[in-house]
Q: 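Quick one: the structure is below, questions incoming.
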Amino acid sequence: MSQPSEVPCHQVHAPGELQALCERVRKQGATVGFVPTMGALHAGHRALIDCARRNCGFLVVSIFVNPLQFGPAEDLNQYPRTWPEDVAQCKEAGVDAVFGPSVQQMYPAGAMTRVQVEQLTEPMEGRARPGHFDGVTTVVAKLFNLMGPCEAFFGRKDYQQWKVISKMVRDLNMPVTVHDHPIVRAPDGVALSSRNARLDPAQRGRARAIPAALSRAWELFERGERDTESLRQACLDRLAGHTQVDYVSLADPNDLQPASASVPDSALLAVAARVDEVRLIDNVVLGRDPHPLRPEQGHEGSS
Ligand code: AMP
């Protein structure tokens, strides 16, 4: 494993350079790890990086705010960009290479190809953000092609994204192994997100309703509640007055199809809600994940 003090952290901007670098280290026998991000790195990203660092000989982190996955009315321009701080964090974490292409480098004029995953992309984020997943799968497919055979790490905060990418890799026979990581939360329970930086203290207080709502449903589920609408409503009641809800969905944790009237042994409960201009997502898999706010409670080893 590389040590931050001994091994340089390459800053790579040109796609061809990344490709050549990964090929070279693979020839030398290294397992290549990959953590794709949009930067403004926080402890959630860091957990993925640390996990990848432990498991791979050569580790690449990409930092690219992908315009293709933002809708016209979304926050592409407000999205935080903190390249120097991100590179410093990567160095500190022992990352071997940081890949930060420009938009021009990733999308030279004249590109005509999109990668699209069907069905899994239809509910939840796909419905709320038309075109979002086509942007995600297209950029991740391009990044995977540059990386070559690798171990890629994704957070379950973006649960649907993790499922969609896993499906794309299987369907297209990509030489990539996808690993997932549990959600990392701040001490107040809010899932870490680059967008949290845009919340003022009062808004941050309101954002706490999101993990609290998930926790309320988790507790009801543990007490035996299986009625989908009751679980959804409990969540909605807790969010009311604090956030504007985009959706609260109960779905099958594997195929993401909406839960029937009564949920079985486990169900994904996913929330998207706005605190004023800031859109946040969060989730818990009922019957599988620990309590969102008290992880020591229930379903040990589920992560
Ligand atoms: P992003 O920079 O938001 O595109 O996220 C890059 C990766 O980090 C994705 O796989 C996310 O799911 C993951 N990630 C972001 N925030 C968290 C978090 N709080 N806990 C776990 N993974 C996260």
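Keep in mind that this is a model prediction, so the values were computed, not measured. Read the numbers this way: they start at 1 and go in the same order the structure lists the ligands and their atoms.
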Q: Below a 4.0 angstrom heavy-atom separation, can you tell me which part of Leu48, side chain or backbone, both or neither, approaches ligand 1?
A: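 Only the side chain of Leu48 comes within reach of ligand 1.
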Q: For Val87, does its backbone N or O pair with a side-chain atom of Gln11 as donor and acceptor, under 3.5 Å?
A: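 Not confirmed, Gln11 side chain does not pair with Val87 backbone.
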Q: Hey, is His45 touching ligand 1 through its side chain, its backbone, both or neither, going by heavy atoms under 4.0 Å?
A: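 For His45, the contact with ligand 1 is made by the side chain alone.
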Q: Just need the protein heavy atom nearest to atom 14 (N) of ligand 1, so name the residue and atom and give the distance.
A: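 Nearest protein contact, heavy atoms only, for atom 14 (N) of ligand 1 is Asp158 OD2, 4.3 Å.
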Q: Looking only at the side chains, is there a donor atom on one of Asn66 and Tyr79 sitting less than 3.5 Å from an acceptor on the other?
A: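 No.
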Q: List ligand 1 atoms under 4.0 Å from Ile183, heavy atoms only on the residue side.
A: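 Within the 4.0 Å cut-off of Ile183, ligand 1 contributes 20 (N), 21 (C).
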Q: Strictly below 4.0 Å, N to O, side chains only: are Arg206 and Asp276 in salt-bridge contact?
A: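 Yes.
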Q: For the pair Asp75 and Arg195, find out whether any cationic side-chain nitrogen is under 4.0 Å from an anionic carboxylate oxygen.
A: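 Salt bridge present between Asp75 and Arg195.
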Q: Students often mix this up, so state it plainly: with edges at 30° and 60°, are the rings of Phe154 and Phe144 parallel, tilted or perpendicular?
A: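 Because their plane-to-plane angle is over 60°, the rings of Phe154 and Phe144 count as perpendicular.
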Q: I want to confirm something. Looking only at heavy atoms, which of Val184, Val140, Val190 is nearest to atom 18 (C) of ligand 1?
A: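 Considering heavy atoms of Val184, Val140, Val190, the nearest to atom 18 (C) of ligand 1 sits in Val184.
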Q: Under 3.5 Å between some N or O of ligand 1 and some N or O of Leu192?
A: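 Leu192 vs ligand 1: N/O contact under 3.5 Å present.
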Q: Checking Gln257 against Asp252: is there a side-chain donor and acceptor pair closer than 3.5 Å?
A: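 Distance-only check fails for Asp252 and Gln257.
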Q: If the cut-off is 4.0 Å to any non-hydrogen atom of Phe154, which atoms of ligand 1 fall inside it?
A: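 Ligand 1 atoms under the 4.0 Å threshold to Phe154: 10 (O).
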Q: Please classify the Ala47 to ligand 1 contact at 4.0 Å (heavy-atom distances, strictly less than): side chain, backbone, both or neither.
A: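 The answer is neither.
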Q: If you have a sec, work out which protein heavy atom is nearest atom 7 (C) of ligand 1 and how many Å separate them, to one decimal?
A: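 In this structure, atom 7 (C) of ligand 1 has Pro36 O, 3.7 Å as its nearest protein heavy atom.
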Q: Below the 3.5 angstrom mark, is there an N/O of Ala191, backbone or side chain, next to an N/O of ligand 1?
A: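 Between Ala191 and ligand 1, no N or O pair is found under 3.5 Å apart.
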Q: Check if Ala43 has a non-hydrogen atom at a distance under 4.0 Å from any atom of ligand 1.
A: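 The answer is no: ligand 1 sits nowhere under 4.0 Å from a heavy atom of Ala43.
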Q: Side chains of His179 and Glu151: any donor to acceptor distance under 3.5 Å?
A: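 The criterion, which ignores hydrogens and geometry beyond distance, is satisfied for His179 and Glu151.
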Q: Nearest to atom 3 (O) of ligand 1, what protein heavy atom do you find, and at what distance?
A: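 Of every protein heavy atom, Tyr79 OH, 3.8 Å lies nearest to atom 3 (O) of ligand 1.
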Q: Look at atom 21 (C) of ligand 1 and say which protein heavy atom is nearest, naming residue and atom and giving the distance to 0.1 Å.
A: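 So the nearest neighbour among protein heavy atoms is Pro182 O, 3.4 Å.
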Q: Is the shortest side-chain N to carboxylate O distance from Arg129 to Asp134 below 4.0 Å?
A: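 Not counted as a salt bridge, because no side-chain N and carboxylate O are separated by less than 4.0 Å.
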Q: In plain terms, say whether Arg46 and Glu92 are close enough for a salt bridge, that is, a side-chain N and a carboxylate O under 4.0 Å apart.
A: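 Salt bridge flag = yes for Glu92 with Arg46.
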Q: Using heavy atoms and a threshold below 4.0 Å, how should the contact between His42 and ligand 1 be classified: side chain, backbone, both, or neither?
A: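 For His42, the contact with ligand 1 is made by the side chain alone.
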Q: For atom 22 (N) of ligand 1, grab the closest protein heavy atom and report residue, atom and distance to one decimal in Å.
A: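 Minimum-distance protein heavy atom for atom 22 (N) of ligand 1 reads Gly155 CA, 3.4 Å.
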Q: Please determine whether a side-chain nitrogen of the Lys or Arg among Arg232 and Glu229 lies less than 4.0 Å from a carboxylate oxygen of the Asp or Glu.
A: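 Yes, charged N to carboxylate O under 4.0 Å.
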